[in-house]
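This report concerns only the one structure given below.
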Amino acid sequence: MQNSLLKQTLKLGFLSIVGALLFSGCGSKYYFKPEKNVEGSVLYDGSSPAWISSIVRNGATLLNGQFITKHAEIPDIRLSRDSKYLNQTEEHYIIQHKKSLVLINKNTKEETTIELESIPISASKEDNLIAIIFDTNTIAIYDLKRMQIVYRQDNVPAPANNTLIASPYFLSDIVVIPTLDGKLIIVDKVSMRLVRNIVVNGDKFFNNVIFLEAIGSRMVAATPKRVISVSPNIINTFDANIKDLLFFEDRIFIFSNEGEIILTDRDLNETRRIKFPFAHFSATNHGKDIVVLETQGYMISVDDDLQTSRIQRLPKPITEPTFSAAGKIFIGNRFFNIQ
């Protein structure tokens, strides 16, 4: 009887301690507070026609059907309902409408609709070829001259993804297509055969490639957990909890979910990092300085070597979607110019 009573008492005591720990954990949430003086405030530089409704790596669609390109342009075009902007070329805007891709000629506004079997969520075009990523994690290359798919590869479904889905990349005689499960599929443009399969990271969830860019002979790609730098001779890697990246010819800036900005060379050798405790980065850009917005309502500017920083207050905390374009950061229906 005494043993039973003792066990009951210990059990109740243990549950009370666990409950107290859970309650205290849920109640303590830390927010970014600048450790140095805030150097004044910044005001919005302008407004866009409507609020942002959806974002991809190369653009944002607005609630009124217009869209913002990566060049910060807002064309006088209104998309039909259930359509999203994906990408552009010199001649066309690439639009997703249900299970179709729509090419809109920039000059004539003429539309070409390509019916597909699944929902395209990312696409790039060069000449007559369109490289496509579907929501099923299938990838394909569509030939406009032949009006058919000339390359297709099914991959393991990956339903949970980061919204910043990288676009396919046409590079010389190959097409590099990122997948939703953390791989780069490299296809020869002439033979339409698989050349190489590069695994960026092998995690099962939220592991899509969120960044893909090539400068010269160097290609940099990233998932939310790993960055890789691919040269003709070697692949280098860098692990972090990644929010976003900026890639220049000789340096890479990694923005982490822990409020760090990490500077590496193009081989991903770390040269310096700076931390803003409890900061939650929202959008990154670059002009004279590297600029990043923090959700509690701050603009953080750092120099290219991460030696100096400046913090300014935004008009209000960031609660709306943000999109970073050339020379501008859009927030909701407003924007900042980045000098």
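Reckoned from all heavy atoms, side chains included, excluding hydrogens, waters and symmetry mates.
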List the atom of F323, the atom of V56, and the distance in Å for their closest heavy-atom pair. CE1-O, 3.8 Å
Donor-acceptor pair, side chain of Y169 and main chain of A214, under 3.5 angstrom: yes
Are Y298 and F276 an aromatic pair by the rule of ring centers under 6.0 Å? no
Could you check whether any side-chain heavy atom of E258 comes within less than 4.5 Å of a side-chain heavy atom of N241, counting everything from C-beta outward? yes
Can you tell if the side chain of E39 reaches within under 4.5 Å of the side chain of R310, non-hydrogen atoms only? yes
Please report the C-alpha distance between D303 and T308 in whole Å, then the side-chain angles of each, then the deciding distance to 0.1 Å, and finally whether the side chain to side chain donor-acceptor pair (under 3.5 Å) criterion is met. CA-CA 6 Å; D303 71 296; T308 61; 3.2 Å; yes
Rounded to the nearest 0.5 Å, what separates atom NZ in K125 from atom CD in E90? 10.0 Å
If you look at every heavy atom in N337 and D45, which pair is closest and at what distance? N-OD2, 2.7 Å
Spell out, yes or no, whether F247 and I254 are grouped together once hydrophobic residues are joined by side-chain heavy atoms under 4.5 Å, including indirect joins. yes
Please assess R193 against D188 for the test salt bridge (Lys or Arg N to Asp or Glu O under 4.0 Å), listing each intermediate value before the final yes or no. CA-CA 5 Å; R193 292 185 178 179; D188 183 270; over 6 Å; no
Kindly compute the distance separating CD1 (I242) from CG (N257), expressed to the nearest 0.5 Å. 9.0 Å
Indicate whether any N or O donor in one side chain lies under 3.5 Å from an N or O acceptor in the other, for Q312 and S41. no
Determine, stepwise, if the pair D244 / R57 fulfils salt bridge (Lys or Arg N to Asp or Glu O under 4.0 Å). CA-CA 10 Å; D244 206 355; R57 170 57 73 178; 3.2 Å; yes
Is the F335-F330 ring centre distance short of 6.0 angstrom? yes
Taking all atoms of both residues into account, what is the closest heavy-atom pair of N87 and A123, and its distance? ND2-O, 3.0 Å
Would you say E320's side chain and T322's backbone share a donor-acceptor pair under 3.5 angstrom? no
Where does the angle between the aromatic ring planes of Y30 and F278 fall among parallel (under 30°), tilted (30 to 60°) and perpendicular (over 60°)? parallel
To the nearest 0.5 Å, tell me how far L314 CG sits from I331 CD1. 6.0 Å
Using side-chain heavy atoms (C-beta onward) and a distance below 4.5 Å, is I261 in contact with V292? yes
Would a 4.5 Å heavy-atom cut-off, applied to side chains only, mark R78 and N64 as touching? yes
Drop me the distance from T284's OG1 to L246's CG, to the nearest 0.5 angstrom. 4.5 Å
Are M192 and V195 connected, step by step, through hydrophobic side chains (Ile, Leu, Val, Met, Phe, Trp, Tyr) whose heavy atoms are closer than 4.5 Å? no
Can N155 and K183 be said to form a side chain to side chain contact (heavy atoms under 4.5 Å, CB included), step by step? CA-CA 10 Å; N155 300 293; K183 298 194 295 288; 4.0 Å; yes
Is it true that, when you exclude D82 itself, more than 12 heavy atoms of the residues, nucleotides or ligands shown sit nearer than 6.0 Å to its CG? yes
Tell me whether D265 contacts the main-chain N or O of N269 through its side chain, where contact means a donor paired with an acceptor under 3.5 Å. yes
Is I290 reachable from I274 through a run of I, L, V, M, F, W or Y residues, each pair having side-chain heavy atoms under 4.5 Å apart? yes
With distance as the sole test, does D305 use its side chain to make a donor-acceptor pair with the main-chain N or O of Q307 at under 3.5 Å? no
Flag if over 12 foreign heavy atoms under 6.0 Å of CZ, R196: no
Kindly indicate whether the side chain of D289, heavy atoms from C-beta on, has any atom under 4.5 Å from the side chain of D304. no
d(T223 OG1, D203 CG) to nearest 0.5 Å is 7.0 Å
Should R226 and F238 be marked as a side chain to side chain contact (heavy atoms under 4.5 Å, CB included) after you check the CA-CA gap, both sets of side-chain angles, and the distance that decides it? CA-CA 6 Å; R226 175 173 291 170; F238 190 100; over 6 Å; no
Is there side-chain contact between F67 and I77, with at least one heavy-atom pair below 4.5 Å? yes
Tell me which one of R272, K243, R273 satisfies salt bridge (Lys or Arg N to Asp or Glu O under 4.0 Å) with E260. R273
Go through K189 and I174 one step at a time and tell me if the side chain to side chain contact (heavy atoms under 4.5 Å, CB included) criterion holds. CA-CA 5 Å; K189 281 199 300 189; I174 60 173; 5.6 Å; no
Using salt bridge (Lys or Arg N to Asp or Glu O under 4.0 Å), reason through R218 and D267 one step at a time and then give a plain yes or no. CA-CA 9 Å; R218 181 72 51 154; D267 293 318; 2.8 Å; yes
Hey, are the side chains of I133 and P168 touching, using non-hydrogen atoms and a 4.5 Å cut-off? yes
Assess the pair Y31 and H280: is the distance between their ring centroids shorter than 6.0 Å? no
I'd like to know if the side chain of N58 reaches the main chain of S167, judged simply by a donor and an acceptor atom lying under 3.5 Å from each other, with no hydrogens or angles considered. no
Within this structure, what is the NE2-OG distance for the pair H97 and S83, rounded to the nearest 0.5 Å? 5.0 Å
Test I139 against R152 for side chain to side chain contact (heavy atoms under 4.5 Å, CB included), laying out the working first. CA-CA 6 Å; I139 63 168; R152 173 194 170 107; over 6 Å; no
If hydrophobic clusters are built by linking Ile, Leu, Val, Met, Phe, Trp and Tyr wherever their side-chain heavy atoms come under 4.5 Å apart, do F32 and F255 end up in the same one? yes
Verify, without hydrogens or angle tests, whether T108 (side chain) and N105 (backbone) share a donor-acceptor contact under 3.5 angstrom. no
Path from I177 to I165 over hydrophobic side-chain contacts below 4.5 Å: yes
Between S53 and T61 (side chain of the first, backbone of the second, donor and acceptor by atom type, cut-off under 3.5 Å), is there such a pair? yes
N236 versus V227: any side-chain heavy-atom pair under 4.5 Å? no
On the six-membered ring of Y93, is K106 placed so that its NZ or CZ lies under 6.0 angstrom from the centre and within 45° of the ring axis? yes
Check the pair D135 / K99 against salt bridge (Lys or Arg N to Asp or Glu O under 4.0 Å), numbers first and verdict last. CA-CA 10 Å; D135 63 341; K99 291 186 178 182; over 6 Å; no
Without swapping roles, check the side chain of N137 against the backbone of V156 for a donor-acceptor pair under 3.5 Å. yes
